[in-house]
Amino acid sequence: MDEIPPGHPRAESLRIRHKLIHGMENKVVAKAGLIAHGRGEAFDYLLGEKTQPPAMEAVRAAVSALLLAKYPVISVNGNLAALSPREVVELAKEVNAKIEINLFYRSQERIEAIRKVLEEAGAKEILGVGETADGEIPEISSVRRVVDRRGIMIADVVLVSIEDGDRTQALRKLGKTVIAIDLNPLSRTAKYANITIVDNIVRCMPLLVEEARRLKGYPKERLKEIVEKYDNKKVLADMLRIIRDRLTAIAEAGGTIPDDFEKAL
Ligand code: ATP
Ligand code: MG
């Protein structure tokens, strides 16, 4: 890996890029995954590359929904496997969810590469790999429709990230509660999901694990209240307001971020 100069203002972002490039060389990440990440990065820049309060609200609702679910599934694609494999395994353990590999660009080679990464991160059971990965989501063309009949097919709550709008909509039509991690608050996925966490997976996956450990001790009634009170439209609107207010403050300060701005938010 090339050295990232210490103190580089985008050091963390560069580290993530290296991980994805490494993932692509190992067949974990699809070429299109790199481009999708670029779209995400642009929104992250606008959001100040930090977890904003409405995203934390969505994290809390997401964990509550996962803990209340009868059959929760975490859908894993190449980017998620390359960036946060340990957190996938930890979150699945905390909320008792299944892990399913589900790819937009599906090939046996990639499935095996992702399976290896997840197993190295401690995953014991991985769905979407073998002969039970023969279920189909109606209304989606191509291999994207393939799901595991022991996983997404029968899940009531599905966590997706870096997902496409068509698939998110199809999952909703099947009556599933969809939790999406998507840095773009304007995407179709962000709008179709029941709960959208507008944050970078590298930041919010550890937060989901932490929150799961905390909320596990809560009574069911309290978790239900959190889910019922949650309003995804409002959260998305709040995220857009944060982008707007940051841009306004930066423009008024002549292009720099005012020192006290993040504190004032
Ligand atoms: P949609 O199909 O939902 O309208 P899209 O076509 O604009 O979305 P896709 O390429 O289908 O976008 O999905 C990729 C999404 O993943 C983008 O919205 C991007 O913002 C988001 N994304 C990319 N990298 C990350 C990341 N590291 N963390 C969170 N979200 C990310
Ligand atoms: Mg799309």
Side-chain angles (χ1 to χ4, degrees), residues 10-24 28-52 54-59 61-63 74-88 91 102-106 110 114 117 137 139-145 158-173 176 178-209 211 232-233 235-236 239-240 242-243 246:
R10 313 234 75 76
E12 187 51 30
S13 160
L14 292 178
R15 244 175 255 125
I16 297 170
R17 285 187 182 183
H18 280 301
K19 272 195 191 171
L20 288 168
I21 291 168
H22 180 69
M24 197 191 75
V28 169
V29 173
K31 281 184 195 143
L34 297 184
I35 299 170
H37 183 77
R39 181 173 291 159
E41 273 187 343
F43 281 95
D44 209 7
Y45 209 115
L46 299 177
L47 286 163
E49 292 172 313
K50 60 180 242 177
T51 305
Q52 298 289 355
M56 204 51 225
E57 216 181 300
V59 163
V63 168
I74 301 173
S75 177
V76 179
N77 58 23
N79 287 39
L80 181 61
L83 295 179
S84 309
R86 275 182 203 290
E87 287 81 3
V88 167
L91 182 62
N102 198 271
L103 306 179
F104 197 106
Y105 298 96
R106 195 179 168 88
R110 285 196 63 220
I114 293 171
V117 167
I137 302 178
E139 295 182 55
I140 305 183
S141 53
S142 84
V143 289
R144 284 184 297 155
R145 63 160 68 205
V158 186
L159 171 68
V160 300
S161 57
I162 316 181
E163 185 57 278
D164 179 59
D166 293 335
R167 268 181 50 89
T168 307
Q169 193 175 31
L171 291 172
R172 284 301 309 275
K173 280 191 182 157
K176 305 195 188 293
V178 179
I179 299 165
I181 303 173
D182 192 336
L183 273 162
N184 177 3
L186 299 167
S187 78
R188 292 172 310 146
T189 295
K191 283 186 238 165
Y192 293 147
N194 299 75
I195 298 169
T196 308
I197 303 165
V198 181
D199 197 13
N200 200 318
I201 52 175
V202 301
R203 284 192 305 269
C204 72
M205 285 300 294
L207 292 174
L208 282 161
V209 175
E211 199 65 0
N232 206 45
K233 273 206 177 115
V235 162
L236 291 177
M239 293 304 305
L240 290 171
I242 286 171
I243 292 177
R246 283 192 89 245

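Each ligand, and each atom within it, is numbered from 1 in the order the structure gives. Heads up: numbering here begins at 1 and tracks the sequence.
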Quiz item: Considering residues, nucleotides and ligands other than Arg39, do more than 12 of their heavy atoms fall under 6.0 Å from its CZ?
Solution: no

In the structure I gave you, are the side-chain heavy atoms of [X] and [Y] within less than 4.5 Å of one another anywhere?
| X | Y | value |
| --- | --- | --- |
| Thr196 | Val235 | no |
| Asp44 | Arg203 | yes |
| Leu183 | Glu41 | no |
| Ile181 | Met205 | yes |

Please compare [options] and report which has the shortest non-hydrogen distance to [atom].
| atom | options | answer |
| --- | --- | --- |
| atom 24 (N) of ligand 1 | His37, Glu163, Arg203, Arg188 | His37 |
| atom 7 (O) of ligand 1 | Gln169, Arg39, Lys191 | Arg39 |
| atom 18 (O) of ligand 1 | Asp182, Asn200, Ile16, Asn79 | Asp182 |

Practice problem: Determine whether any heavy atom of Thr168 lies closer than 4.0 Å to an atom of ligand 1. | Solution: no

Quiz item: Does Glu41 have a heavy atom less than 4.0 Å from any atom of ligand 1?
Solution: no

Quiz prompt | Minimum-distance pair of heavy atoms, taken over all atoms of Ala81 and Val117 | solution = O-CG1, 3.4 Å

Quiz item: Which part of Val202 is near ligand 1, with near meaning a heavy atom under 4.0 Å away: side chain, backbone, both or neither?
Solution: neither

Quiz item: What protein N/O/S atoms sit under 2.8 Å from the Mg ion (ligand 2), by chain and number?
Solution: Asp164 OD1

Quiz item: How far is atom 31 (C) of ligand 1 from its nearest protein heavy atom, and which residue and atom is that?
Solution: Ile162 CG1, 3.8 Å

Self-check item: Euclidean distance, Leu47 CG relative to Asn200 CG, rounded to 0.5 Å
Solution: 10.0 Å

Quiz item: Is there at least one pair of N or O atoms, one from Leu183 and one from ligand 1, spaced under 3.5 Å apart?
Solution: yes

